[in-house]
Amino acid sequence: MSSTSINPLSMSQLPMNQLPMKEYSAHRAAFFKKMPSNSVAFFPAGKELTRSNDTEFAFCQNKNFFYLTGFNEPDALLVLLKDEQDNNKSVLFSLPKDPLHEIWQGRRVGQIKAVEEYGVDESYELAEIDVLLSDYLDGKSQVLFGFNDDTFAAQVFTWLKQVKSRIRQGANAPEQLTDADPIIADLRLIKSENELALMRTANHISGLAHQRAMQKSQVGKLEYQIEAEILHEFARHGARHPAYASIVAGGDNANILHYTNNDDVLKDNELLLIDAGAELSGYAADITRTFPINGKFSAEQKTIYQLVLDAKNLAINAIKPGMCFAKLNVLTNTFLTQGLIDLGILVGDLDELMAEKKVKDYFIHGLGHWLGLDVHDVGDYQISLDKEQLRAFEVGMVMTIEPGIYIPLTDVNVDEKWRGIGVRIEDNIAVTADGFENLTTNSPQTIEEIEALMQAAKA
Ligand code: GLY
Ligand code: MN
Ligand code: MN
């Protein structure tokens, strides 16, 4: 990494911090192409979630709805209609403009701006859905909606029942129901140039936050104080929210995979594992770095760290169109197994240990996952009906690569000197025509880079 790459960009220099509206129209157009003639598709927005009594969590939009609209209010519904001649119409139902509500709770887009700014063909108040619904369903042969959302599925069945109850008046309810989730997952899996630009920015901001965490690390601080530094750096660069609850895990806490208590004291001679990524205009970064709290790796920490770093780079360098996670797993598991044999942590023959999957005692989780609007993004890992065919990487897919080695203090099977070490290193990778692009360019990762950055911060 060059020294210039750790200089923060100002907001105005950031290549992209939200998608142009035409991108959402393009997403709708792509979904329309997948709809059969004479069908209707429903996509509900997210709802506000109560934290306690009358206070809510920060709102997070339903990501399929967001992908198709860019609209960020709760309690809305997108209806996509395709007629027998394959003419398309998009209709957005949302909450009305309401002066009293807007004084207390905040501004709403309303129906006029929904058409003008969000580019849908028509927009109505949410309350009008019951009136218009039968027009949408009557005579259609197929309804598409996400089967994952059972509350909304119950709503669709209620609407279907309403149409069926008018059968003697000549109404015709659709008879075919199709799960929209896998269709939209396949679209979301391939990122456009604009989505990639946005994810690059989310990664850049997250890299700055990881740098700040390293600079602010100090024995005696609390983990959540470092978490606060990360959130501060996200916000400073235009990313209001983290993409997921940040993991800030000192010492043995790193061996708890989804540790988010973040309330322990940072101790001398221990490592700090930070898994934190910004969300930018809905898109996630997912980066992990592990570094010594006092700025200097011990010999054992260095050894495990270098093994994980080499495994990560081995996997990343093998990424290209046609590759798949299963093959990357074999490559990485073989490398880590041999590494652990060399250190005396695993004992035995490489082939036998591989057959027994013994590396999984120390590398507990998967090598990576799709990344996009969700941190664990949608999209199957095996395709074909029998789910046996492995999904090959294609240009525009984005994934994480995140090997780790976890040796809890309680592991009596290894030499004491290794115990309490937990290391994960995680980058975000886009598949390109000639291989890959590592989106994670400014999160220090070599031992030299990390120690130099931390020593400079102390000075
Ligand atoms: N941050 C969650 C994960 O790495 O999968
Ligand atoms: Mn992560
Ligand atoms: Mn991850």
Side-chain angles (χ1 to χ4, degrees), residues 60 63 185 188-189 191 199-200 202-214 223-224 226-227 230-231 233-234 239 241-250 253-262 271-280 282-291 305 308-309 311-313 315-316 319 324-326 328-329 332-333 336 360 362-381 391 393 397-406 422-431 436-445:
C60 182
K63 297 294 179 135
R188 281 175 52 182
L189 196 49
K191 274 70 181 175
M199 293 183 78
R200 257 179 225 119
N203 247 269
H204 185 84
I205 293 170
S206 307
L208 296 175
H210 280 273
Q211 290 174 31
R212 186 181 180 96
M214 290 174 190
E223 292 164 337
Y224 65 72
I226 302 299
E227 180 183 14
I230 291 166
L231 298 178
E233 196 67 12
F234 287 173
H241 298 290
Y244 52 91
S246 308
I247 297 171
V248 182
N253 295 334
N255 295 312
I256 303 166
L257 294 182
H258 290 157
Y259 177 82
T260 49
N261 281 2
N262 298 358
L271 293 173
L272 182 57
L273 181 155
I274 297 183
D275 185 342
E279 181 180 270
L280 191 64
Y283 287 80
D286 180 11
I287 299 174
T288 308
R289 289 293 182 263
T290 310
F291 57 88
Y305 186 89
V308 175
L309 183 61
K312 179 192 70 101
N313 290 333
I316 290 172
I319 291 174
C324 63
F325 266 117
L328 286 186
N329 267 307
T332 315
N333 290 347
L336 286 174
K360 285 292 152 194
Y362 298 101
F363 173 27
I364 305 157
H365 52 77
L367 179 63
H369 52 83
W370 309 130
L371 182 70
L373 279 170
D374 279 297
V375 62
H376 298 150
D377 209 24
V378 291
D380 283 341
Y381 291 82
R391 177 164 227 149
F393 296 162
M397 289 179 174
V398 179
M399 70 196 74
T400 70
I401 293 294
E402 49 181 305
I405 292 288
Y406 307 92
V423 174
R424 173 164 72 257
I425 313 174
E426 175 174 29
D427 285 358
N428 302 166
I429 311 296
V431 182
F436 68 91
E437 175 190 347
N438 193 334
L439 305 179
T440 312
T441 54
N442 65 340
S443 302
Q445 57 168 330

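Residue numbers count from 1 along this sequence. Just follow the structure's listing: the first ligand is 1, and inside any ligand the first atom is 1.
For the side chain to side chain donor-acceptor pair (under 3.5 Å) with Asn203, the lone residue among Asn438, Thr441, Asn428, Asn442 that qualifies is Asn428.
In summary, His369 places an N/O/S atom under 2.8 Å from the Mn ion (ligand 3), meeting the contact criterion.
Under the 6.0 Å distance and 45° angle rule, Lys360 does not count as a cation-pi partner of Tyr362.
Side-chain contact annotation: Glu233 with His210, donor-acceptor N/O pair under 3.5 Å absent.
In this structure the side chain of Tyr305 reaches within 4.5 angstrom of the side chain of Ile425, judged on heavy atoms. Phe291 places a side-chain heavy atom less than 4.5 Å from the side chain of Ile274.
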Write 'none' if nothing qualifies; otherwise put on separate lines each N/O atom of ligand 1 with a protein N/O atom under 3.5 Å away and their distance to 0.1 Å.
residue, atom, partner, partner atom, Å
ligand 1, 1 (N), Asp275, OD1, 3.2
ligand 1, 1 (N), Asp275, OD2, 3.1
ligand 1, 1 (N), Asp286, OD1, 3.0
ligand 1, 4 (O), Asp275, OD2, 3.2
ligand 1, 4 (O), Asp286, OD1, 3.3
ligand 1, 4 (O), Asp286, OD2, 3.1
ligand 1, 4 (O), Glu402, OE1, 3.0
ligand 1, 4 (O), Glu402, OE2, 3.4
ligand 1, 4 (O), Glu426, OE1, 3.3
ligand 1, 4 (O), Glu426, OE2, 3.1
ligand 1, 5 (O), His369, NE2, 3.1
ligand 1, 5 (O), His376, NE2, 2.6

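Every residue meeting the salt bridge (Lys or Arg N to Asp or Glu O under 4.0 Å) condition with Asp377, not counting sequence neighbours, appears here in chain and number order: Arg188, Lys191. Under the salt bridge (Lys or Arg N to Asp or Glu O under 4.0 Å) criterion, Asp427 pairs with Arg289, Lys312, sequence neighbours left out.
Taking distances strictly below 2.8 Å, the protein N/O/S atoms close to the Mn ion (ligand 2) are Asp275 OD1, Asp275 OD2, Asp286 OD1, Glu426 OE1.
For Tyr244, the OH atom sits in a packed shell: over 12 heavy atoms of surrounding residues, nucleotides or ligands are nearer than 6.0 Å.
Leu367 approaches Ala315 most closely through the heavy-atom pair CD2-CB, 4.2 Å.
Judged by distance alone, the side chain of Lys63 and the main-chain N or O of Leu373 form a donor-acceptor pair under 3.5 Å.
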